Structures are given as structure tokens and as C-alpha cells.
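The structure appears right after this line, and notes come after that.
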Amino acid sequence: MSEAPRFRFAPSPTGFFHVGGARTALYNWALTLRTGGTFVLRIEDTDESRNSPEWTQGIIDALSWLGIDSRHPQFEGPYFQSENAHLHVAAAHRLYEAGHAYWCDLTAEQIQERAKETGKQGYDGYSRDRGLEPGPGRVLRFRVPEGVTVVNDLVRGRVEFSNDTIEDFVLLRGNGTPMFLLANVVDDIEMRISTVVRAEEHLPNTPKQQLIWDALGHTSPVWAHVPVLVNEQRKKLSKRRDKVALEQYKAEGILPDAMVNYLMTLGWAPAGDTEIVPWSRIVDEFRLEDVNHSPAFFDIKKLSAFNGDYIRAMSLESFIDACAPFLVDAPWPADRFDAGTFAQMAPLVQTRVVTLSEVPAMVDFVFLADPEIDTDAWTKTMGTDFAADVLRDYSAAVGDCTWDHETLKSILEKWTEERGLKLGKTQAPVRVAVTGRTVGPPLFESIEVLGREETLRRLGSALARLA
RNA sequence: GCUCCCAUCGUCUAGAGGCCUAGGACACCACCCUCUCAAGGUGGCGGCACGGGUUCGAAUCCCGUUGGGAGUGCCA
């Protein structure tokens with residue numbers, strides 16, 4: 001009987017949560033849930049001074065936003081790699097004693113010089129048989145054996161590396177601290193990790209790790225290297241060039257469900273004709289064996305489309321709730337905001353936004369004392385020969401009518417018909433007078449929400465400006 | 001340079017030798033609907049990188065070419 005699988009997610013402390021990391025986390029999480037396994041979170045840096053409580057909390061918050069709850073019974077951690085330093089060092093010494101490693105006193109400059117002489121790249125194994133004892137400034141190097149190392153990868157199949165292309169890499173630095181590669185393997189052994197799902201960029205280092213697993217007397221885990229996410233130039237997503245921080249998408253009003261769903265369709269697709277599927281189906285269907293082999297472009301446009309879809313699928317109540325954080329630092333005076341009024345506008349904007357951050361700009365004219373009138377909008381709509389008439393007549397008619405959008409519409413419809421015009425034309429000056437823009441939520445519903453007094457005031461001031 | 005990975009519409013993908021005249025989604029275009037803008041509906045544009053094999057039959061298997069990407073630290 002085999003043990004339930006143990007996955008691990010190991011972000012490094014970089015200060016922000018990468019969308020690529022989010023996808024890897026999601027892969028691990030989906031598999032954890034389906035197999036009844038465990039998701040191990042490990043904050044990965046051998047230097048503890050680079051860890052910070054804020055960053056750890058940031059990771060946990062980001063994971064939680066993605067639906068990966070650190071209080072879930074299948075969630076373990078966070079562990080800190082730096083706290084295991086003594087284990088890493090101990091393992092290194094075991095490796096040395098067993099003859100799998102040796103000490104070397106060459107500096108980086110010396111190595112480079114030798115490389116130049118021999119015409120080969122990298123370290124040439126100079127100290128292999130010099131029998132050096134440990135000493136200050138000396139590094140411990142792994143003695144890469146002869147032969148080939150075969151990495152069996154769940155998404156890529158069998159990948160073969162000839163050992164003579166792998167140089168004797170450093171295990172322990174000159175100051176005695178362990179290197180990432182070693183620390184990683186020791187931690188994985190310690191935490192009984194059975195499956196390593198990570199980005200493809202780690203594949204070239206995998207034979208080294210596998211060699212350490214072997215030398216330490218353990219069977220290496222199941223590897224799964226998933227393709228990286230790339231930008232439009234087909235380069236790996238980078239912090240400098242690309243928008244990669246999950247937090248930023250959250251701040252812009254991308255819904256977590258949409259983000260999760262979109263991320264999962266990069267390199268994989270659920271069965272059937274639609275990519276918009278609930279998480280439960282992803283958990284049921286996701287298989288590493290089905291993950292694509294080639295890098296995927298992280299397309300913000302498609303993410304937005306997913307998000308719009310998710311927004312429209314929300315109930316009105318949850319939409320209103322979701323909008324709340326985006327209405328606090330809005331462009332209107334706080335005391336003019338009214339939740340009830342917003343609730344009336346909400347169904348009007350729900351089909352019109354793609355991200356939640358667009359909501360304030362769509363309803364601001366309701367809460368602003370004096371919404372700015374867009375210059376282009378004004379010149380485009382007020383130049384018509386009927387602009388002044390429609391404003392004046394509508395103002396008069398609306399002064400004492402029944403205050404609902406059907407009536408408000410029928411009044412303008414009637415006026416329009418009598419003059420053989422189109423409502424599409426005649427509504428424009430009214431819209432600009434009332435909202436300041438040519439586009440926006442349905443006009444008559446908006447006017448109804450705005451109220452008679454304010455509507456008349458705005459119509460009046462537009463009229464005055466026109467005269 | 002060396003090592004490794006990858007290659008289906010612009011993009012994300014479906015595709016396990018005949019179900020492929022290559023399916024879907026995003027984007028784009030057109031039309032319908034319509035008080036603006038959206039949403040929704042209908043339709044359209046558009047692809048197996050190239051060259052050789054294997055096979056009765058290749059997007060699918062093999063080889064090569066080309067093109068992309070990653071790795072190559074006393075970083076993680």
C-alpha cells in the first residue's frame with residue numbers, strides 16, 4: 001500500500017507573488033485535493049536574513065486568495081528552509097565521508113583562468129583527488145559520478161543527461177553555509193516529499209538533485225516540470241518587464257475564481273467546449289500527464305474576458321459585496337456616497353465592467369456634486385441644432401412627471417418621434433448634461449437613481465452653458 | 001559555446017495513425033438586438049514551421065532542418 005502523496009510548494013522570498021508561482025501552487029493544490037495527499041508550503045531561502053514575517057504572511061494571503069487555505073487539514077507549513085541549515089550541513093558531511101564530495105580551495109577567478117586555458121566552460125574537477133581537508137574559504141563540491149542520469153518526468157517523459165556535462169557543483173560555500181540545491185534535497189527527504197511539481201526552468205538542475213538523492217541513499221521523488229509562462233516576446237515572465245504580481249491583479253479587481261480558472265487553462269484544458277469551469281471540475285479532471293509541453297503566453301486580455309464572465313455570473317448581492325473595497329478610495333466625497341443608491345446602480349454596471357476597478361468610474365456621476373463634463377463629449381453632442389431644444393423641453397416635461405425610468409424614457413421618445421428624429425441622437429445631449437459623458441449605464445435608469453432635483457439642476461446648468 | 005526542453009489559427013488549447021473538410025475559447029470583423037456603451041444571439045476570418053522517411057493511410061510515429069525557450073553562480 002502506497003502512502004498518500006506529499007506535494008510541496010516552495011516560493012522564494014522575492015517580495016511579491018508571481019502569477020507563474022500561483023499556477024504551480026494551483027497544480028499542487030488540485031492534485032493534493034484529488035489524491036487525498038498533503039500540500040507542504042516551504043519558504044525557500046538558505047539565508048534566513050532574507051525571510052520576513054511580512055513576506056510569509058504575504059504568501060499565505062496570496063494562497064488563501066487563490067483558495068488554498070493554510071488552515072485546511074491537507075495543508076502543512078509554512079516551513080522555513082533556513083531553519084534546517086544544520087540538517088543541510090550534516091548531510092553535506094555525510095556525503096564527504098562517503099566519498100561523494102570533496103573540498104576545493106579554488107576561487108572563482110582561478111576557475112575561470114583554468115577554464116580559459118583548457119578551453120572548456122566551468123569547473124574542471126581540479127581538486128577531485130587532491131585530498132584537501134576542510135578549511136576556511138574551502139567549498140565542498142559534489143563528486144559527479146560517471147555515466148548517465150535519467151530523469152523520469154511526468155510531463156516530459158524520460159530525459160537523459162550525460163554526467164560528463166554536469167560539473168562538480170558546490171554543496172557548501174566557503175563560509176560553511178549550504179547551497180540551495182543541497183538544502184532542497186535534504187528538505188524534500190526530511191519532509192517525505194513524493195512528487196515535485198515545479199516550473200520547467202528547474203529541469204536542467206534536476207539531474208544534480210537526483211544525484212544527491214542517490215548519494216544520500218534515497219529514491220528521488222516523481223518529477224513534473226511544467227512549462228513556464230511567457231510574455232508577448234515569448235520570454236519568461238519577468239518582474240521588470242511584465243505585470244506578474246498576483247497582488248496587482250487582485251488590486252485591479254480580478255476575481256480569484258477567474259484568475260484560478262484562467263491560470264489552469266494555461267497548458268491544460270478541461271474536457272468539453274468551454275474553458276470556464278468550476279474548481280471542483282478542475283480537481284476531478286486535472287492530470288499532470290495532460291499538461292502541455294510548451295510555454296504559454298499569459299494573455300491579460302483573455303484573463304479579463306474570463307473575469308467579465310465571472311462578474312456577470314455573480315449574484316447581484318455578491319457583486320455588490322465584491323465592489324465594496326473599490327468604492328472606498330473613490331473619486332467622490334465620502335459623505336456623498338450612499339450604499340442604497342449604489343445598489344440601484346449595481347445591476348446596470350455589472351454587465352459593463354470587466355474588472356471591479358472600473359466600477360467607480362462608471363457610477364461616479366451619481367455621487368459627484370458636479371461631475372466634470374468631458375470636452376469632446378460636449379462638442380460632439382451639443383453642436384446639433386436640437387440640443388438646446390431637447391434640454392429645455394425635457395427639463396420642463398420631467399419637472400412634474402412620474403419618476404420612473406419608463407416614464408422618463410417615454411417622454412423623450414415622444415419628443416423625438418414628433419420631430420422625426422432618432423432616440424439614439426436625442427438622448428446624447430441629455431446624457432452629456434446629466435453624466436458628463438457620451439457612454440455609460442442606461443440613461444433613464446440613471447436619471448431615476450439620480451433624482452428629480454439633481455437632474456433638473458444638471459439640465460439647467462447645461463442649458464445655461466449652451467446659451 | 002555547451003546541456004536540456006519545445007513547436008496545431010494572432011493567443012490559449014482539443015487532438016493517443018483512419019472519427020480531421022483539424023474542434024473550442026480569447027481577440028478581431030460583420031450582422032441582429034438596442035437610449036449610449038456593454039451584455040446576449042448569429043455568422044465570418046484564421047492554423048498542423050519546413051524537408052525527408054515509416055504506413056494502404058500521418059497533425060499524430062522516426063530522422064533531419066529551421067525557429068523559439070530555459071539552464072549553465074560560493075543566487076534561489
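Just so we're on the same page: letters track the sequence lines, and every chain starts at 1. Remember, it's a predicted structure, so these values are computed and weren't measured experimentally.
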Drop me the distance from A/Phe342's CZ to A/Phe367's CZ, to the nearest 0.5 angstrom.
7.0 Å
Could you check whether A/Ala108 gets within reach of a base, just the sugar-phosphate, or nothing at all, counting any heavy atom under 4.0 Å?
nothing
With sequence neighbours left out, which residue pairs that include part of residues 225-240 of chain A fulfil the salt bridge (charged side-chain N to carboxylate O under 4.0 Å, His left out) condition?
A/Glu201-A/Lys236
Looking across every strand, which nucleic acid part, if any, lies under 4.0 Å from A/Asn205 by heavy atom: base, sugar-phosphate, or nothing?
base
Salt-bridge test for A/Arg173 and A/Asp47: reply yes if a basic N is under 4.0 Å from a carboxylate O, no otherwise.
no
For A/Arg130, all residues meeting salt bridge (charged side-chain N to carboxylate O under 4.0 Å, His left out), sequence neighbours excluded
A/Asp105
Validation row: A/Phe319, A/Ile311 side chains within 4.5 angstrom (heavy atoms):
yes
Evaluate side-chain contact (heavy atoms from CB on, under 4.5 Å) for A/Phe298 paired with A/Leu263, printing each intermediate quantity in order.
CA-CA 8 Å; A/Phe298 186 82; A/Leu263 248 15; 3.6 Å; yes
Does the distance from a Lys or Arg side-chain N to an Asp or Glu carboxylate O, for A/Arg42 and A/Glu44, drop under 4.0 Å?
yes
So what does A/Glu160 hit on the nucleic acid, given a heavy-atom distance under 4.0 Å: a base, only sugar-phosphate, or nothing?
sugar-phosphate
Residue met sooner reading RNA chain B from 5', once A/Val159 and A/His405 are mapped to nucleotides:
A/Val159
Scan for salt bridge (charged side-chain N to carboxylate O under 4.0 Å, His left out) pairs involving residues 424-442 of chain A, sequence neighbours excluded, and state none if there are none.
A/Asp364-A/Arg437
In whole Å, what separates the P atom of B/C29 from that of B/A70?
32 Å
Between B/C2 and B/A58, how far apart are the two P atoms, rounded to whole Å?
36 Å
For atom P, what is the distance between B/G40 and B/G1, given to the nearest Å?
50 Å
Which residues pass the salt bridge (charged side-chain N to carboxylate O under 4.0 Å, His left out) test with A/Arg141, not counting sequence neighbours?
none
Nucleotide B/A25, atom P - distance to CG of A/Leu303 in whole Å:
18 Å
Looking at the side chain of A/Glu201, which of B/C5, B/A76, B/A70 is the nearest nucleotide?
B/A70
Rounded distance in Å between the C1' positions of B/G53 and B/G57:
15 Å
Taking the C1' atom of each, how far is B/A25 from B/C50, in whole Å?
29 Å
Whole angstrom value for the distance that separates C1' of B/C74 from CD1 of A/Ile111
8 Å
Provide the full list of ring pair (Phe, Tyr, Trp, His ring centres under 6.0 Å) pairs with a residue in residues 410-436 of chain A, sequence neighbours left out, each pair given once.
none
So, under a plain 3.5 Å distance rule, would you say the side chain of A/Arg431 forms a donor-acceptor pair with the base of B/C35?
yes
Pairing partner (Watson-Crick or G-U wobble, both distances under 3.5 angstrom) of B/C37
none
Pairs under 3.5 Å (N/O, protein and nucleotides 39-45 of chain B):
residue	atom	partner	partner atom	Å
B/A39	O3'	A/Arg312	NH1	3.3
B/G40	OP1	A/Arg312	NH1	3.1

Under the ring pair (Phe, Tyr, Trp, His ring centres under 6.0 Å) test, which residues partner A/Trp103, sequence neighbours left out?
A/Tyr96
Distance, rounded to the nearest Å, where A/His225 contributes NE2 and B/C5 contributes P
12 Å
Rounded to whole Å, the NE2-C1' distance (A/His202 to B/C75) equals 12 Å
Mind checking the C1' distance from B/U60 to B/U3? Whole angstroms is fine.
28 Å
Taking atom P in both B/C6 and B/G44, what distance in whole Å separates the two?
36 Å
Suppose we define a pair by two distances each less than 3.5 Å, Watson-Crick or G-U wobble; what does B/G71 pair with here?
B/C2
At under 4.0 Å between heavy atoms, what does A/Arg50 touch on the DNA or RNA strands: base, sugar-phosphate, or nothing?
sugar-phosphate
Residues two or more places apart in sequence or in another chain: which of them pass side chain to side chain contact (heavy atoms under 4.5 Å, CB included) with A/Pro347?
A/Leu316
Could you check whether A/Pro441 gets within reach of a base, just the sugar-phosphate, or nothing at all, counting any heavy atom under 4.0 Å?
base
Using the 3.5 Å cut-off, write out each protein N or O paired with an N or O of nucleotides 10-16 of chain B and the distance between them.
residue	atom	partner	partner atom	Å
B/U11	O3'	A/Arg234	NH2	3.4
B/C12	OP1	A/Arg234	NH2	2.3
B/C12	OP1	A/Phe297	N	3.0
B/C12	O2'	A/Thr265	O	2.7
B/C12	O2	A/Glu275	OE2	3.3
B/C12	O2	A/Lys302	NZ	3.1
B/U13	OP1	A/Gly267	N	2.4
B/U13	O5'	A/Gly267	N	3.4

Touch class at under 4.0 angstrom, heavy-atom based, for A/Lys236 against every strand present
sugar-phosphate
Got a sec? Which of residues 162-187 of chain A come in under 4.0 Å of RNA chain B, heavy atoms?
A/Thr165, A/Val170, A/Arg173, A/Gly174, A/Met179, A/Phe180
Return the nucleotide paired to B/C50: Watson-Crick means purine N1 to pyrimidine N3 with N6-O4 or O6-N4, wobble means G-U with N1-O2 and O6-N3, both under 3.5 Å.
B/G64
Under a 3.5 Å cut-off for both contacts, is B/U55 paired Watson-Crick or G-U wobble with anything, and if yes, with which nucleotide?
none
May I have the list of side-chain donor-acceptor pairs in residues 384-391 of chain A shorter than 3.5 Å, sequence neighbours left out?
residue	atom	partner	partner atom	Å
A/Thr384	OG1	A/Thr381	O	3.2
A/Asp389	OD1	A/Arg392	NH2	2.8

Pairing residues for A/Phe306 by the ring pair (Phe, Tyr, Trp, His ring centres under 6.0 Å) criterion, not counting sequence neighbours:
A/Tyr262
Reading RNA chain B from 5' onward, which residue's closest nucleotide shows up sooner: A/Asp47 or A/Glu200?
A/Glu200
Please state how far atom CD in A/Glu109 lies from atom P in B/C74, giving the value in whole angstrom units.
11 Å
If you look at every strand shown and take non-hydrogen atoms under 4.0 Å, does A/Lys235 touch a base, only sugar-phosphate, or nothing?
sugar-phosphate
Say we look at B/C45 and B/C61: how far apart would their C1' atoms be, to the nearest angstrom?
33 Å
Write down the distance between CD (A/Glu232) and P (B/G69), rounded to a whole number of angstrom.
14 Å
What nucleic acid atoms does A/Leu106 come within less than 4.0 Å of, heavy atoms only: base, sugar-phosphate, or nothing?
base
Sugar-phosphate only, base, or nothing, as touched by A/Glu445 at under 4.0 Å among non-hydrogen atoms:
base
To the nearest angstrom, the CD-P distance between A/Gln81 and B/C75 comes to 14 Å
Categorize A/Thr46 for me: base, sugar-phosphate, or nothing, with a 4.0 angstrom heavy-atom threshold over every strand shown.
sugar-phosphate
Separation of B/A25 P from A/Asn261 CG (nearest whole Å)
15 Å
